[in-house]
Number of protein chains: 2
Amino acid sequence: MALSRTKSTRTAKAAPSRNTGGTLQAAKAAQTRSRLIEATIRCLVKYGYANTTTPRVAQEAGLSRGAMMHHFENGAALIKATIIELHERRLRAFRRAAEKPEHDVDNLTETYWAQVQKPGFIAFHELAVAARTDKELSDILVPLQEEFRDRFNDQAQALFPEWRSSPEKFDLAMNLSQTILEGMSIAVQTGAMSSEKVPAMLHHLENQIRELMPREQS
Amino acid sequence: MALSRTKSTRTAKAAPSRNTGGTLQAAKAAQTRSRLIEATIRCLVKYGYANTTTPRVAQEAGLSRGAMMHHFENGAALIKATIIELHERRLRAFRRAAEKPEHDVDNLTETYWAQVQKPGFIAFHELAVAARTDKELSDILVPLQEEFRDRFNDQAQALFPEWRSSPEKFDLAMNLSQTILEGMSIAVQTGAMSSEKVPAMLHHLENQIRELMPREQS
DNA sequence: AAATACAATCATTCATGTCTGTTTTAATTT
DNA sequence: AAATTAAAACAGACATGAATGATTGTATTT
């Protein structure tokens, strides 16, 4: 997409009167917006950020580009919306996992491992990499990354209350998990690591976490 | 760059007669090629893959685009050359580190940690991410990734011969190191992780490696 | 009917590869 | 050693394709 490759000369074009008023055919609008966002995610996964263009997204969504511009005043608005959708989806998935009854370490690591292999994470990483050199993108992304880390820690702390006794070890375990699982996903995707190595790594990570816990749990 | 966005209709344009003959003003040519490759790396770091274009690279190198096209018949050739340069640089750096006398674990992990924070690795990751959705790129990159893993393991095995007694643990230690260090570098770059967390992670990794070693070494 | 969803087209910008022309450098000949 | 010549290094301009935001026009809703 390469945000705002062309500078908007026009007078900011009154954003299409976001029809956020609860009860109308605005439901249709929200649905179409959602379709476009989903299409964007698919494009990011299939073609990468560099080749995710507005015509391609429109085609992937089965819409005309004109229709698309009706719902998002420009390409930047679309990927901004995509970012926050991915963020919320990440939080939701994490929340669902936390609500399940079984909370042993193996379960959680494998659940998060499954998460980081799904399209959502791949698309998110495409955007995160792009944001490194795109201020407009990083202005949106960085705060969300921080919020995710906080929620991640909150949830984990709620699940393992006995860990509050040694917060440094807890912090380390969280960072280890995130780094290894996310890093491993990226490494496999980019060919830096063979997928055969994954099980042993997961097993080792689980052991590590248990050793960082304050003595109980299998 | 987005390789070959336009298809070459012309008849393959006899590649500029690579003047690889050892002893001429061909040294100048090699030097200019090198300047262009360095400029490409800088652009990848500064602007990201999506915004690394031939005009920008030429400008960064202080050359005209025409001159650039004289040395690389198209943009794809340039980034291909950049990839193998980065690969060889990675191997060289690794080799240098192995030639130093002191070979304790702490030294090696911190050396590699320093490596993955340098421009070379960042540029390489930009290309690796792009290669995920670009067959032309991955055709070059994937074999090099494999070669790097092999050399990485060979070198490490030469440095710690006593480790041959337990190859699975050795393999795990190598994968752990690569995943954590590279993953952590990316995480910090993209804002997924705060850099404050790095020292504790490094320390933990070093301990892990030592525990995987067959009993000796401090 | 008024507004909103959608479609189609426009002008602009930019990157790409190709082509033509100029300068510099090295090799050959005298 | 000086002059000549050929090739390589470099620069600038061109045509093409594609993506962008803007604009205008049509069909649905409600």
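In what follows, chains carry the letters A, B, and so on, assigned in the order in which the sequence lines appear, proteins first and then strands, with residues in each chain numbered from 1. Basis for what follows: all heavy atoms, side chains included, without hydrogens, waters or symmetry-related copies.
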**OP:** Check the distance between dA19(D)'s C1' and Tyr47(A)'s OH and give it to me in whole angstrom.
**Re:** 16 Å

Subject >> His70(A) side chain near dC6(C) phosphate (N/O to OP1/OP2, under 4.0 Å) >> reply: no

**OP:** Round to a whole Å and report the spacing from CD of Glu73(A) to C1' of dG21(D).
**Re:** 10 Å

Original post:
Charged N to carboxylate O under 4.0 angstrom, Glu85(A) versus Arg89(A)?
Top reply: yes

Original post:
With sequence neighbours excluded, what pairs up with Phe152(B) under the ring-ring contact (aromatic ring centres under 6.0 Å, His included) test?
Top reply: Phe94(B), Tyr112(B), Phe148(B)

Original post:
Asn74(A) has an atom CG; how far is it from atom P of dT12(C), in whole Å?
Top reply: 20 Å

Original post:
Is it true that Arg95(A) and Glu88(A) make a salt bridge, defined as a side-chain N closer than 4.0 Å to a carboxylate O?
Top reply: no

Original post:
Expressed in angstrom and rounded to an integer, what is the separation of Asn51(B) atom CG from dC14(C) atom P?
Top reply: 12 Å

**OP:** Please report, rounded to the nearest Å, how far the C1' atom of dC14(C) is from the CD atom of Gln59(B).
**Re:** 14 Å

Subject >> Any Thr32(B) side-chain N or O less than 4.0 Å from OP1/OP2 of dC10(D) >> reply: yes

Original post:
Would a 4.5 Å heavy-atom cut-off, applied to side chains only, mark His125(B) and Ser185(B) as touching?
Top reply: no

When you compare the protein's N or O atoms with those of nucleotides 7-11 of chain C, which come within less than 3.5 Å of each other, and at what distance?
unit_1 : atom_1 : unit_2   : atom_2 : d
dA7(C) : OP2    : Ser64(A) : N      : 2.9
dA7(C) : OP2    : Ser64(A) : OG     : 3.2

Original post:
Rounded to whole angstroms, how far apart are CG on Leu36(A) and P on dA5(C)?
Top reply: 12 Å

Subject >> Asp150(A) CG to Gln157(A) CD distance, which is reported to the nearest 0.5 Å >> reply: 11.0 Å

Original post:
CE of Met69(A) versus C1' of dA19(D): gap in Å, rounded?
Top reply: 10 Å

Subject >> Donor-acceptor pair, side chain of Ser64(A) and main chain of Ala67(A), under 3.5 angstrom >> reply: yes

